[in-house]
Amino acid sequence: MRLIFCLCLGVTAGCSDYSLSSGKDANTTDDTGPGPSSDAGTTAEDCGSPDLSAGAVAIDETCKAPVEVGSWTPVIEWRSTAPGSAYTTPVVGQLTDDNGDGIIDGSDTPDIVVANTSGTVTALSGGDGAVLWTFSGMGSEPSTVAIGDLTGDGRPEVVTSGSPGFVALSGDTGTEIWRYTVSGYAQVCGGVGIYDLDGDGIAEVVQGNLIIDGRTGRLRGAGAHGKGTGHSSGAAAFGVAADINQDGALEVVVGNALYDADGNTIWYNGETDGFVAVANFDDDPYGEIVVTTYPGMVRLQDDDGTVLWSGYYTGSTVGPPTVADFDGDGKPEIGVAGNGVYVVIEDNGVTKWSRPISDYSSGFTGSAVFDFEGDGKAEVVFADENDVWVFDGSTGDVKMQETSHSSATCSEYPAIADVDGDGHAEIIYSSSEYSGPEEGVTVIGDRENSWMPAAETWNQHAYSITNVANSADLMPTSTETNWLTYNSFRSGDLAAATGGALGDVVPLELDVCTTDCDSGHLYVSAQVGNTGLSQVPAGIATSLYSKHGASWELLDTVWTDSAIASGRTSAGFEWDLDPADVPEGLKIVVDDEGGVQHLTECNEDNNEWVISTICP
């Protein structure tokens, strides 16, 4: 199937008659070949049908580099007290057009949004903490907000929730777009999720058992069972969605049930509701569900709701779970916090390690995982009432205890992202006056600027890397399943280390067909190849440019939807171009700006394919 987009080029308000087709993504093996859409009135029979299937490519055996392990010298980069007493997770994503090019994308500085205890939402610049806007009226103890493109127009929105219900705000100004009023306690201390549940390009807002149309703010459905909370009061509901059964659509996941995009029950297992995370703990491609619930219970459920194991780990309370390969053994572990302890649990339910903490104000905070130094050893980032902790993922040894922190705590945890666009990860945490005077948002980086690259997005509490298309495009996606590539939840990409065997992406020409130029169609198809020795992750940006004099104008960017192994290619992308709009030439650039991460590869000089053969 060919997708045709009408693009607005230049600075004029009207759309040209230029049409572009990028109907093949990197998970597609359909080889129907290039051709115009059904309404174009022509066929592409003369051009044939290039094979768009993934294939092989020659490997460069010299594609290696010295391993560059970062230092561990954390330092506070900036602190803003403007948000006041905040104990929600600070979320990260681009909100504003900082460079004035009319587009909000990866070339702009990321931003931070956080809600405080009195219901005021504040947006800050990730570069220096300058206030962008504020919005008030969400009641006491609101939930963690989410950032996402609700309508697919390329502009981000912020969705917040609290005791009055839900409000969607314009990302760049904080102006209210819509409001959904609902009574109840579930929206307090929980987390909003933004997902495209059915893959139609329009997002849904999910929290607990509620599913709201992201475009209109109208209720789409409500599940009949759990709300995704392990709090004994029924507060602190979360929005978690994943393609558990691998049918191509996302399901809404709560502790004891699975709902479809309209809130209909797919299964209900009769267990107590709980906080959830999703990952793969067995050999099938389906997702398993980690559930944490009062009083201190953790259980693992199969994709059909069957309980695989359960146990009590943290005493009377327990927070939302984190899943990652904490110790580098190739298997997922589970991290959970309670009142006085943080515990890491093996995939079979056996405790790996535990460390004392102090979280008696709520006892249901979360955590995040990342490999900051790139040494193959993950770190756990956690904040309690008094301190921000970094634990060694393998042993639980303390790597950092930042005391300039205070919090009455809710369900929050520090986010991990490249918040200032400098190519290195930072830790972003919120504080509220409780055990000390600290409040607002604090950003910690590495004094030597050596921490590994991270995405410029951590857009919601239930962050799972693939829940948004890429760092520059905050459109939620249903096309990639996290556990098939990363197998983590509330974790960054742990394969961020540089050096050793490297990947190397190159553009590969499949076909340039000029046969139908007279009828207004220039067909171009290409693949992304990996000639390096190491697998490259999903989310590699591939951009198409048109030459205009001495400059190149961006026409389209697409992204690979799955990892590419060494010596393999993605499936093909294809474009249907109007020759009148590309009179002087084309080029394709792989690993272009806007991918999930900018790839560290052994050759940065082979990422372009200049196409000189175009229509006469």
Side-chain angles (χ1 to χ4, degrees), residues 1-3 20-35 44 47-65 285 465-466 469-470 477 479-481 484-486 493 495 500-513 523-545 555-577 586-611 613:
M1 179 182 70
R2 183 178 304 281
L3 304 178
L20 172 108
S21 169
S22 55
K24 296 292 184 291
D25 62 31
N27 274 344
T28 305
T29 57
D30 185 318
D31 60 355
T32 55
C47 286
S49 298
D51 184 0
L52 299 177
S53 303
V57 67
I59 296 175
D60 178 2
E61 298 292 344
T62 67
C63 192
K64 299 177 182 179
I465 303 176
T466 61
N470 52 77
T477 179
T479 58
E480 186 188 357
T481 298
L484 299 181
T485 303
Y486 303 97
D493 181 6
L502 297 177
D504 189 34
V505 290
V506 296
L508 300 174
E509 174 184 342
L510 287 179
D511 190 42
V512 177
C513 180
Y523 300 108
V524 178
S525 55
Q527 292 173 311
V528 179
N530 177 15
T531 62
L533 294 171
S534 176
Q535 175 176 283
V536 299
I540 301 299
T542 300
S543 296
L544 181 69
Y545 291 87
L555 298 180
D556 188 36
T557 300
V558 291
W559 295 269
T560 57
D561 281 344
S562 59
I564 308 173
S566 171
R568 302 294 297 174
T569 78
S570 71
F573 302 102
E574 61 172 347
W575 291 271
D576 174 3
L577 308 174
L586 290 165
K587 73 174 177 180
I588 292 177
V589 181
V590 297
D591 194 28
D592 202 20
E593 293 296 329
V596 169
Q597 59 180 4
H598 188 63
L599 186 68
T600 299
E601 52 182 332
C602 57
N603 187 354
E604 296 287 350
D605 297 327
N606 59 0
N607 291 358
E608 295 187 4
W609 164 34
V610 177
I611 306 169
T613 303

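Note that the structure is a prediction, hence the values are computed from the model and not measured. All residue numbers in this chain count up from 1 along the given sequence.
- The CG atom of Asp561 lies 9.5 Å from the OG atom of Ser570; values are rounded to the nearest 0.5 Å.
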Please tabulate, one pair per line, all N/O donor-acceptor pairs under 3.5 Å involving side-chain atoms of residues 532-542, not counting sequence neighbours.
none

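- Residue Asn606 holds its CG atom at 4.5 Å from CG of Asp504, rounded to the nearest 0.5 Å.
- Ile588 has its side chain within reach of Leu544: a pair of non-hydrogen atoms, C-beta onward, lies under 4.5 Å apart.
- Nearest heavy-atom pair across Gly567 and Ile59 is CA-CG1, 3.5 Å.
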- Task: Test Asn603 against Asp60 for side chain to side chain contact (heavy atoms under 4.5 Å, CB included), laying out the working first.
- Result: CA-CA 10 Å; Asn603 187 354; Asp60 178 2; over 6 Å; no
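- Between the side chains of Asp511 and Ser525, no donor-acceptor pair of N or O atoms lies under 3.5 Å.
- Contact check for Thr485 versus Ile465: no side-chain heavy atoms found under the 4.5 Å cut-off.
- Interatomic distance, Leu586 CG to Tyr545 OH, rounded to the nearest 0.5 Å: 12.5 Å.
- At distances below 3.5 Å, at least one donor-acceptor pair connects side-chain atoms of Arg568 with backbone N or O atoms of Gly55.
- We find the NZ-CG distance between Lys64 and Leu502 to be 10.5 Å, quoted to the nearest 0.5 Å.
- Taken from CD in Glu574 to SG in Cys513, the straight-line distance is 11.0 Å, to the nearest 0.5 Å.
- Contact check for Glu601 versus Asn607: side-chain heavy atoms found under the 4.5 Å cut-off.
- Of all non-hydrogen atoms in Ser543 and Thr557, the two that sit nearest each other are OG-OG1, 2.9 Å.
- Two residues are said to be in side-chain contact when any heavy atoms from C-beta on lie closer than 4.5 Å; Val528 and Phe573 meet this criterion.
- Side-chain contact between Val589 and Glu608 is present, with at least one heavy-atom pair separated by less than 4.5 Å.
- Residues passing the salt bridge (charged side-chain N to carboxylate O under 4.0 Å, His left out) test with Glu509, sequence neighbours excluded: none.
- Taking CG of Leu510 as the start and OG1 of Thr569 as the end, the distance is 7.5 Å to the nearest 0.5 Å.
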